[in-house]
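Below is one structure; the comments refer to it alone.
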Amino acid sequence: MQPESAMTPGLDVTVLVSVGRHPLTGRVRRADQDARGVELARSLANAEVRLLHAGERNESSDAALRGYLGMGFSELALLEQPEGADVLPALAEALDATSPHLVITGERAERGEGSGLLPYLLAERLGWPLVSSLAAVESVENGVATLLQALPRGQRRRLSVRLPAIVTVDDAAPAPRQSAYGPARRGTLEASMGPVSNDEEWAKWQVQPARPRPKRLKIVKATSARDRFKAAAAKSDGGGGQVLTDVTPTQGAEAILTLLREENVLQ
Amino acid sequence: MLDTLLPILIFSALALAAVGAVRRIRLWGQGRPSPVPVLRGLAAMPRRYLVDLHHVVARDKVIANTHVATAGGFVAAMALAIVVHGLGLGSGWVSGVLGWLLLAASATMFAGSLFVARRRRNPPARLSKGPWMRLPKSLMAFSLGIFVVTLPAVGVLPADAGGWLVALVLAAVVAWGLAELVFGMTWGGPMKHAFAGALHLAFHRRPERFSDKRGGEGRSTGLKALDLEDDQAPLGVETPADFTWNQLLGFDACVQCGRCEAVCPAFAAGQPLNPKKLIQDMVVGMAGGSDAHYAGSPYPSPERGEQPVGEHQGSPHGPIVAPAATKDGKALVDAETLWSCTTCRACVEECPMMIEHVDAIVDMRRHLTLEEGATPGKGAEVIDNLIATDNPGGFDPGGRLNWAADLELPLMADVERAEVLLWLGDGVFDMRNQRTLRALIKVLRAAGVDFAVLGNEERDSGDVARRLGDEATFQSLARRNIATLSRYRFECIVTCDPHSFHVLKNEYGAFYPPGQEADYPVWHHSTFIHQLIESGRLRLAPGQRARVTYHDPCYLGRYNGEYEAPRAVLQALGVELVEMQRSGYRSRCCGGGGGAPITDVPGKQRIPDMRMGDVRETQAEQVVVGCPQCTAMLEGVVPSANDEEVAVKDIAEMVAAALDTTPAATPVPRDASTPQAAEEVLS
């Protein structure tokens, strides 16, 4: 991190945290990416960090949310929502009211829809810029943050973003610190009822466990170790694909649709 | 003139000692309350001193005799001196007899102090120097001084022999002796160990560790539970005042003999831990100040050789370990010191003052893990795995029996009752331990034992979580395992993991719901196999001609006192057993306990390498173990170029290879339907 003088005093940061789900056992936990977001926020000098969660409240979700408190927080704001509600309006309203400088959240939730669209919809609704795959916040000066974005294969891109902004973190962000039992037990969940908007679409969906799909094998025909290494380290660009420039939205949409049909995503 | 001076000296020394005692007791009183039976404790103290403490001291005969002469001589001489010189009691022949007795006592003490002086001439590294170096002189001053001033009392010398100058010199010598031995006892000199030690024996936090007249062996090794229901109770120990008062008293009893240092595997490996220094640091913290006056071996330091003293300081209500926010800050002890411990209990076993080092270390670790979230190395990951998957490796808990797909192990869920519940442990996920488990199952089937396993219902016993300080995860695992166990009927639990064995046997008892209790014995597989051999259920074909040595796992030996059964089994196998220099209760840890491989504190060498060195000294071809951790640690040792590879074998593997497969003359009762699939795979 940069020296403290580089930071605007009193940077208001809100981290959106969700209830996670362990991939093997399905037990609730702090979501890994959200925890990385909290870790990123904790590492900012001079920042006032708030934790915000919107969702259904029950015993198991409380236990999971306390996992974030265990990272050294005394409270977590909880917007109670009924099961199946769309949390977007509630979050947007809460963020509007507290107007933080920076909102950090994981790329996608580990439970529920998990579409990864929430940060984008939120940014759209608030009219804020969004940066994905954040690796580090380098400095914040005069309302402009210098951010380091993680790109594939260890590349980094430096970006300047005017605050307020929403940033999302994925596995490139620093690993979260241990959640300690004592602070987790002592911290309070400040629950309030947020505005509720029922997700009509979601109510109509039929949910079933995912079936693991077979992976496409990558056959490497290499004669030397160097070639094999290059093949293993290469970005899997699939070889196919096309770059479309200067096309109308309709043409673009048709190209995407054709690709989805070819790949059997749409049938 | 001496007749006037001596009573003044004796009674002022006693008065000063009383003042010092009050101050010292106040220091201990800073600790948290811990109720003790005061009168019963005091009544039990002499026996605890003469039997239990002496049992430890007597491992070194010379020192034991030295101590008996010096301490016994001193106690007798002091009591008699109060009567003869202090009160001037007795007249005529009574005073004569008392005088001669006093001469005998002080002469005995003098003889003892000569041996103390001899030991101090070239003191071994483990002994503290500093004020301890003057102790033999003080002992001599007291004994000689009292001896000479008593001579007139028995009429050997005239009362005014030598004039006032000699009398003054004698008074000064006696005053020196009294200063060291009487009020030095309560004001913090080397003799403090006598005062604090006596009270420590009386008010020990583990009274059940002492033997009793009825022949109870006196063993108390399970960790004390943390009360998680009470949200006001501190989670572990942050400051010296968070220890209970009798723990503080115990630290103060340390005599700095360094026996703990000599046996500590982490100290020998150059990791930053020295149990003696740790206890002294706690004394420094309790009284407030810096460790600059410590005069023993410091903590080793991989970078600097050793940590210089004087860098650390503490206070009764200040943190023991500097919080993470103060990055370069030092407090009383560095966190690495606490995480270096393998909880092998070698120090506790050796301590003549019955100090509980491991309890203190785990107490401090609890604070670091539960409050600071500062478990180092892979600790946090292991704890997260235990929470999410009930095993430290983060493996699918639904795959606990994958290794035994061909063994058709009877599940408790199906059979509901069995003679033996076989506790498999987390070794089910480890390919090396799976070989041990297969061997054990082959042995059990050969003996016709009716056993069943919990399968996917089994969870980690919680051992590693608890030693890493995560009492919350331990208690959660313990309670769920207890709920599972209480659904089934079995006569005993058998396990090949001494860590699970210890936790199931000694630590689960505190977590049974009210009205229920653990009503089954727990056996380590070596004990159970020994029972099978003794009762004739297991027939062996001795004929292995190997030279083997046996490595005692800490959690089987020192924690549970089982040294005999594994050796008896090896004897039944007919192999040649050679003992390592450090075996039995002095066995050296493999380095695998207490989460040490997880926290992985660097040192200048590795503990398992040193242990394998011990093994090589015996020139054994195989080292027999009885613990998955020991197997992993010792097998992980890479032999140097000119060393032979030593095979590491679990005792179950040794037995499985020696099973008598010829038809028995008198058929052993056996369930005909017992599947025998395992044997083809193994043979």
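In what follows, every chain begins at residue 1, and chains take the letters A, B, ... in the order their sequences are listed.
Counting all heavy atoms, side chain and backbone alike, A/Ala180 lies closest to B/Thr369 at CB-O, 3.7 Å. Minimum interatomic distance between B/Ile383 and A/Gln178 (heavy atoms only, all atoms of both residues): CD1-NE2, 3.8 Å. The minimum heavy-atom distance between A/Leu24 and B/Gly394, with the atom names listed, is CD1-O, 3.2 Å. In this structure, A/Arg27 and B/Thr389 approach most closely via the heavy-atom pair NH1-N, 3.9 Å.
Taking CG of B/Asp390 as the start and OG1 of A/Thr25 as the end, the distance is 8.0 Å to the nearest 0.5 Å.
Neither the backbone nor the side chain of B/Leu368 has a heavy atom closer than 4.5 Å to any heavy atom of chain A. When heavy atoms are compared at a cutoff of 4.5 Å, B/Leu235 approaches chain A solely by way of its side chain, counted from C-beta outward. With a 4.5 angstrom heavy-atom cutoff, B/Thr375 touches chain A via backbone and side-chain atoms both. For chain A, the nearby part of B/Asp384 is the side chain; its heavy atoms alone come within less than 4.5 Å. Contacts between A/Arg21 and chain B at a heavy-atom distance below 4.5 Å are absent for every atom of the residue.
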Test log, rule side-chain contact (heavy atoms from CB on, under 4.5 Å), inputs A/Tyr181 and B/Leu228: CA-CA 10 Å; A/Tyr181 175 82; B/Leu228 298 175; 3.9 Å; yes
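For the set A/Met71, A/His22, A/Arg29, A/Arg185, the entry with the most heavy-atom pairs within less than 4.5 Å of chain B is A/Arg185.
The number of heavy atoms from other shown groups lying within 6.0 Å of CD (A/Glu48) does not exceed 12. The environment of B/Lys378 atom NZ is sparse: at most 12 non-hydrogen atoms of other residues, nucleotides or ligands sit within 6.0 angstrom.
Salt bridge B/Glu372/A/Arg177: absent, no basic N to carboxylate O contact under 4.0 Å.
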